[in-house]
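The chain is numbered in sequence order, starting from 1. Note that the structure is predicted; figures quoted are calculated from it, not measured. One-based numbering, in listed order, for ligands and for the atoms of each.
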Amino acid sequence: MHTTLLYNIGQLLTMDHHNGQAHGKAMQELPVFEDYALFMEDGKVSKVGPSDELEKLQADERVDCEGKLVTPGIVEPHTHLVFGGSREHEMALKQQGVPYLDILAQGGGILSTVKATRETSEEALYEKAMFHLDRMASYGITTVEAKSGYGMDEETELKQLRVAKKAGENHPLDVISTFLGAHAITKEFKENPQALLDEMARLFPIIKEEGLAEFVDIFTEEGVFSVEQSRDYLQKAKEHGFDVKLHADEIVPLGGTELAVELDARSGDHLAVASDEGIQALAKSNTIGVLLPGTIFYLGKGDFARARDMIEAGAAIAISTDFNPGSSVTENIQLIMSLAALKMKMTPEEIWHAVTVNAAHAINRGEEAGQIKVGRNADVVIWDAPNYMYIPYHYGVNHVNTVYKRGKKLYERGSLHG
Ligand code: IZC
Ligand code: ZN
């Protein structure tokens with residue numbers, strides 16, 4: 001039996017003050033426990049209480065947190081983790097003002113990553129995914145969603161999903177898989193995109209049977225898949241027992257937010273150009289809005305999602321990096337927390353809900369991740385920060401001191417040698 005005591009915690013966020021996902025005003029209520037301690041036993045949280053009480057306990061490892069902030073491990077609900085190649089050669093095009101969807105229409109963008117992913121071996125994709133998971137862990141992420149979507153053929157989509165599964169089995173981080181076979185229209189299907197959707201839908205039973213994904217996602221966007229095509233495809237996915245997600249209202253407002261609600265999707269992601277009606281519908285629903293401000297920042301176009309309107313209307317909001325090789329090339333969730341504060345005017349209290357409980361619910365892990373609670377996995381981060389407001393405030397750097405995954409030390413800030 002291995003035990004670890006974290007004591008002398010300056011501020012502890014447990015995030016366990018409500019059951020279920022936090023909607024609207026509930027995202028603003030954030031109990032903070034000062035001078036607290038946390039006891040981890042065999043990978044689980046076993047005691048949480050005032051430091052002067054728990055300090056007396058014997059433990060294999062005793063960690064003086066020196067007044068630092070301690071929070072649950074961060075949950076990352078939207079990444080394109082597994083891909084071949086990279087797209088730095090497209091940066092100049094973006095600087096010249098060529099729109100993201102034009103680069104895609106010319107066979108670049110997602111399609112260039114499709115080509116690279118098809119050409120990369122399963123082993124090489126696995127090594128690359130493990131590298132990115134390590135980096136995510138170093139930023140305080142302990143659970144991560146991973147999408148396929150750079151194959152759009154049976155062989156490559158299944159290859160990506162197998163890589164994500166193996167990475168989740170071998171890496172300490174938990175990986176939750178999403179099938180995004182409907183991510184772009186490859187040149188084989190240019191004349192008949194419906195045939196691509198049919199081909200991808202044919203994989204539903206295979207993916208289900210092999211336990212390769214829990215969610216099905218689609219890119220509902222101008223020049224990609226329409227609202228009608230998305231509805232039909234995701235309804236089929238639901239019939240096969242998948243929960244669904246949508247890349248909705250990212251660039252052109254098509255009504256993807258409304259569709260996410262209509263389908264009772266687990267999440268509608270992006271929502272940057274969601275309509276007033278879409279926001280009202282989202283607020284009344286159980287669908288979580290996963291906002292991805294990194295893409296607006298990185299593409300340098302468009303407005304940031306209207307997080308304030310969404311929260312004030314009563315929606316449950318999560319945030320994420322959207323880590324991918326084209327529109328948001330970063331694993332740094334802390335930078336995204338700063339963008340949420342600076343560009344979407346979310347408060348620090350809302351932001352912590354958005355990266356813990358609500359992010360966990362967006363990937364159906366609300367009962368396992370995103371909270372520090374007796375009996376749960378001890379996924380815990382010690383931050384080099386005096387309080388929770390400090391993380392979005394001091395931007396662009398890594399504030400992590402130590403990450404514990406299931407009670408084991410996974411990452412510790414290195415020391416400079418010199
Ligand atoms: O590779 O560009 N928006 N899909 C939809 C992406 C961005 C990922 C990419
Ligand atoms: Zn995405």
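- Two residues are said to be in side-chain contact when any heavy atoms from C-beta on lie closer than 4.5 Å; M40 and L6 meet this criterion.
- The aromatic rings of F179 and F204 sit perpendicular to each other, their planes meeting at more than 60°, with 30° as the lower class boundary.
- A 4.5 Å side-chain heavy-atom check between I207 and F242 finds at least one atom pair inside the cut-off.
- For the pair Q334 and W383, the minimum side-chain heavy-atom distance is below 4.5 Å.
- The aromatic rings of F33 and Y36 are tilted relative to each other, their planes meeting at an angle between 30° and 60°.
- Counting all heavy atoms, side chain and backbone alike, M152 lies closest to E157 at N-OE2, 2.8 Å.
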Would you mind listing each N/O atom of ligand 1 next to any protein N/O under 3.5 Å, plus the distance?
unit_1	atom_1	unit_2	atom_2	d
ligand 1	1 (O)	R87	NH1	3.0
ligand 1	1 (O)	Y150	OH	2.5
ligand 1	2 (O)	R87	NH2	2.9
ligand 1	2 (O)	Y100	OH	2.4
ligand 1	3 (N)	Y100	OH	3.1
ligand 1	3 (N)	E250	OE1	3.1
ligand 1	4 (N)	H183	NE2	2.7

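- Distance alone, capped at 3.5 Å, places no donor-acceptor pair between the T117 side chain and the F83 backbone.
- With salt bridges taken as basic N to acidic carboxylate O contacts below 4.0 Å, one links D232 and K236.
- Taking CG of L246 as the reference point, atom CG of L254 lies at 11.0 Å (rounded to 0.5 Å).
- Protein N/O/S atoms closer than 2.8 Å to the Zn ion (ligand 2), listed by chain and residue number, are H78 NE2, H80 NE2, H247 NE2, D322 OD1.
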